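Everything on this sheet refers to the single structure shown next.
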Amino acid sequence: MLVRYKKTYEKIAMGLLSYMPGEKNVKALQETIHHYETTDNWLLYLWKKGDDFIGLLGLEMEEDAYTLHHVSVNPSFRGEGIGKEMVMRLREQFPEKTCKSTEQTAAFLERCTSNEEGAD
Ligand SMILES: CC(C)(COP(=O)(O)OP(=O)(O)OC[C@H]1O[C@@H](n2cnc3c(N)ncnc32)[C@H](O)[C@@H]1OP(=O)(O)O)[C@@H](O)C(=O)NCCC(=O)NCCS
């Protein structure tokens, strides 16, 4: 299930964020987390399975859309459909908004959408 980020999840969120390209060093990670903590329309979610947080989604909310900036899944749980399920839950959460991608998240989002449309 999707859980909104809070300060007590900082360490686990930084660990999950570090799997994103460009978020490799501690300073960059701290800046990204700080941005999510202090910018009202930037929202961070964690994916909780049982007692564990194993995935992360970060988005920038706009009026009619949101941009997915960060998506990551703990490597131990990849290839099981969790990334796709997180994206689907997010879209259910904001059904009236368009989901936009960045250069980094475009290929994965397109993959999730193409499967949905039965293009496979
Ligand atoms: C990208 C990531 C979140 C995918 O998580 P996951 O739980 O393994 O993904 P899923 O199992 O739900 O995969 C869903 C589909 O997306 C495909 N896919 C996985 N990673 C992909 C990627 N980086 N680009 C394009 N497609 C991708 C899968 O092959 C799968 O396709 P299928 O349905 O035809 O089998 C995960 O690999 C990750 O954390 N990577 C490191 C962070 C990163 O690089 N993020 C930027 C890319 S979003």
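The figures that follow rest on heavy atoms only: side chains count, while hydrogens, waters and symmetry mates do not. Keep in mind it's a predicted model, so treat the numbers as computed, not measured. Order of appearance sets the numbers: ligands from 1, and atoms from 1 within every ligand.
Interface atoms of ligand 1 facing Q104, defined by a heavy-atom separation under 4.0 Å, are 46 (C), 47 (C), 48 (S). Listed by number with element, the atoms of ligand 1 under 4.0 Å from a non-hydrogen atom of P21 are 43 (C), 44 (O). Near G79, meaning under 4.0 Å from any of its heavy atoms, are these atoms of ligand 1: 6 (P), 8 (O), 11 (O). Every atom of ligand 1 is numbered from 1 in the order shown, and the set under 4.0 Å from a heavy atom of K84 is 12 (O). Each of the atoms 4 (C), 9 (O), 13 (O), 14 (C), 16 (O), 18 (N), 19 (C), 20 (N), 21 (C), 24 (N), 25 (C), 26 (N), 27 (C), 48 (S) of ligand 1 lies under 4.0 Å from some heavy atom of F108.
Residue-level proximity to ligand 1 for C112 is absent, since no heavy atom of it falls below 4.0 angstrom. Residue E80 touches ligand 1 through its backbone alone, judged by heavy-atom distances below 4.0 Å.
Side-chain atoms of K49 never come within 3.5 Å of backbone atoms of F77 as a donor-acceptor pair (strictly under, hydrogens ignored). One N or O on the side chain of N41 and one on the backbone of M61 form a donor-acceptor pair closer than 3.5 Å. Although no hydrogens or angles enter the test, the distance criterion places no donor-acceptor pair under 3.5 Å between the side chain of Q104 and the main chain of H70. With hydrogens and angles ignored, the 3.5 Å screen pairs no side-chain donor or acceptor of T39 with any backbone N or O of W42.
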Inset, instruction - In sequence, state the C-alpha distance, the side-chain angles, and the governing distance for L17 and T32, and then conclude on side chain to side chain contact (heavy atoms under 4.5 Å, CB included). - result: CA-CA 9 Å; L17 257 182; T32 302; 3.8 Å; yes

Inset, instruction - Take S101 and L68 through the side chain to side chain contact (heavy atoms under 4.5 Å, CB included) test and state the conclusion after the steps. - result: CA-CA 5 Å; S101 58; L68 193 58; 5.7 Å; no

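Relative to atom 34 (O) of ligand 1, the option among M20, E103, R111 with the closest non-hydrogen atom is R111. Across the listed options V71, L16, L17, V71 owns the non-hydrogen atom lying nearest to atom 45 (N) of ligand 1.
Looking at ligand 1, you'll find an N or O of G83 within less than 3.5 Å of one of its N or O atoms. Considering backbone and side-chain N/O atoms, V73 comes within less than 3.5 Å of an N/O atom of ligand 1. Taking distance alone, with nitrogen or oxygen atoms compared against 3.5 Å, E85 stays at or beyond that limit from ligand 1.
The existence of a salt bridge linking K100 and E62 is confirmed by a sub-4.0 Å separation between a basic side-chain nitrogen and an acidic carboxylate oxygen.
The distance between the ring centers of Y36 and Y5 does not fall below 6.0 angstrom.
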